[in-house]
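Quick caveat: nothing in here was measured; it's all calculated off a predicted structure. In what follows, chains are A, B, ... by sequence order, proteins preceding strands, each numbered from 1.
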2 protein chains.
Amino acid sequence: MLQGVDMRLTKGCKKVLEVLEQVQELSSAQDIHGLMRNEDDKAPGLTTVYRSLESLVSAGLVQAVALGDGERRYELVKPGEHHHHLVCDKCRSSVHLDQCLIEELEEGIKNKYGFQIKGHILEIFGTCKVCTAK
Amino acid sequence: MLQGVDMRLTKGCKKVLEVLEQVQELSSAQDIHGLMRNEDDKAPGLTTVYRSLESLVSAGLVQAVALGDGERRYELVKPGEHHHHLVCDKCRSSVHLDQCLIEELEEGIKNKYGFQIKGHILEIFGTCKVCTAK
DNA sequence: GTCATTTTGAAAGTGATTACCATTTCCTAT
DNA sequence: ATAGGAAATGGTAATCACTTTCAAAATGAC
């Protein structure tokens, strides 16, 4: 899964990847750091976690997610891909949308507004199936 | 335009509305405060600006926009409405999308994922018509 | 092994936002 | 009008996520 990835895989990065693999959940840098330090007192420091996340994001292995609350979350993705979320305001779980709504519109927006899309943020908040049922 | 709005219109709020009316542009709380203080040394303080924006947002007169850079921007809207932006990474201008892409999808997402949408963030980054032409 | 480069980490610094709290302003009953 | 109480205000300090700094430690090439 790491084949063909063009970046130096430092210890910090490896550790971060491990944690993200385990949690399978949107996690902030501080979350990740906390989890590391829980099971290992001399796990990488917070600075390294931030730096590793930065590298991993630009390598396309991890995506950063802005939920608009001033705290960035991170998540493993298939290299180069990304996706958006339905974030439950009750249980904080998040479901992935199986397709990016923006990519489909890219051409239309280009034509209509003459705007060349380079990136976007899209997250949806509400109540998930499970919490609605309760 | 302020008819039927259910909130106390304090001095701070009025001043903030004035500024937002003039700039017609995404502005941060600090931007707004700066502009006020430029033309009037005893314009409301920063704290009041933040508080006013909070009231105005919950009254639906102003929308808060998260661009994912850790600085919230604000903008006048028709009461209760909202819209999304094409933000140019060259000139920082922003064009409004004339319709909300998410509202259209609400029903589909409800059916497909059982998710009840309550809110969302959507902003698109790239290069605008003018800057592309250059 | 040696030396240069890269990585790391603790602490200090930033920048936006919020909490505090004392002062001022506004409204209402007298 | 005016006194009293609630709401609004503003400067400062605190918070919080994140970044910078810089010296020490790990890595890698020769």
Checklist entry - Does one hydrophobic cluster hold both A:Leu17 and A:Leu26, with members joined at side-chain heavy-atom distances below 4.5 Å? => result no

Item to check | Centroid-centroid distance, B:His84 to A:His120, less than 6.0 Å | outcome: no

Checklist entry - Considering only heavy atoms, which members of residues 32-50 of chain A lie under 4.0 Å from some atom of DNA chain D? => result A:Thr47, A:Tyr50

Rounding to a whole Å, what distance do you find between [X]:[atom1] and [N]:[atom2]?
{"X": "B:Lys15", "N": "D:dG10", "atom1": "NZ", "atom2": "P", "answer": "12 Å"}
{"X": "B:Arg51", "N": "C:dA19", "atom1": "CZ", "atom2": "C1'", "answer": "10 Å"}
{"X": "A:Gln30", "N": "D:dT15", "atom1": "CD", "atom2": "P", "answer": "15 Å"}
{"X": "A:Lys14", "N": "C:dT7", "atom1": "NZ", "atom2": "P", "answer": "12 Å"}
{"X": "A:Glu54", "N": "D:dA17", "atom1": "CD", "atom2": "P", "answer": "19 Å"}

Item to check | Side-chain donor-acceptor contact under 3.5 Å, A:Lys15 with A:Ser52 | outcome: no

Next on the checklist: Salt bridge check, A:Asp31 against A:Arg73: does any charged N sit closer than 4.0 Å to a carboxylate O?
Outcome noted: no

Checklist outcome for this item: Cluster membership besides B:Val95, Ile/Leu/Val/Met/Phe/Trp/Tyr side chains within less than 4.5 angstrom, sorted by chain and number, is A:Leu86, A:Val95, A:Leu97, A:Leu101, A:Ile102, A:Leu105, A:Ile109, A:Tyr113, A:Phe115, A:Ile117, A:Leu122, A:Ile124, B:Leu86, B:Leu97, B:Leu101, B:Ile102, B:Leu105, B:Ile109, B:Tyr113, B:Phe115, B:Ile117, B:Leu122, B:Ile124

Next on the checklist: Once rounded to the nearest 0.5 Å, what's the spacing between atom CE of A:Met36 and atom OG1 of A:Thr48?
Outcome noted: 8.5 Å

Pull out every protein N or O sitting under 3.5 Å from an N or O of nucleotides 22-26 of chain C, one pair per line with the distance.
unit_1, atom_1, unit_2, atom_2, d
C:dC26, OP1, B:Lys11, NZ, 3.0

Item to check | side-chain hydrogen bond (donor to acceptor under 3.5 Å, both in side chains) contacts touching residues 99-110 of chain B (sequence neighbours left out) | outcome: B:Lys110-B:Gln116

Next on the checklist: Show the nearest heavy-atom pair for residues B:Gly68 and A:Ile121, with the distance to one decimal.
Outcome noted: N-CD1, 4.2 Å

Item to check | Closest contact, heavy atoms only, A:Thr127 versus A:Cys88 | outcome: CA-SG, 4.0 Å

Item to check | For DNA chain C, the residues among residues 64-73 of chain B that have a non-hydrogen atom under 4.0 Å from it | outcome: B:Gly70, B:Glu71, B:Arg72

Checklist entry - What residues form a side chain to side chain contact (heavy atoms under 4.5 Å, CB included) with B:His83, not counting sequence neighbours? => result B:Gln63, B:Glu75, B:Val77, B:His85, B:His96

Item to check | Check: A:Ile32 and A:Leu53 side chains under 4.5 Å, non-hydrogen atoms | outcome: yes

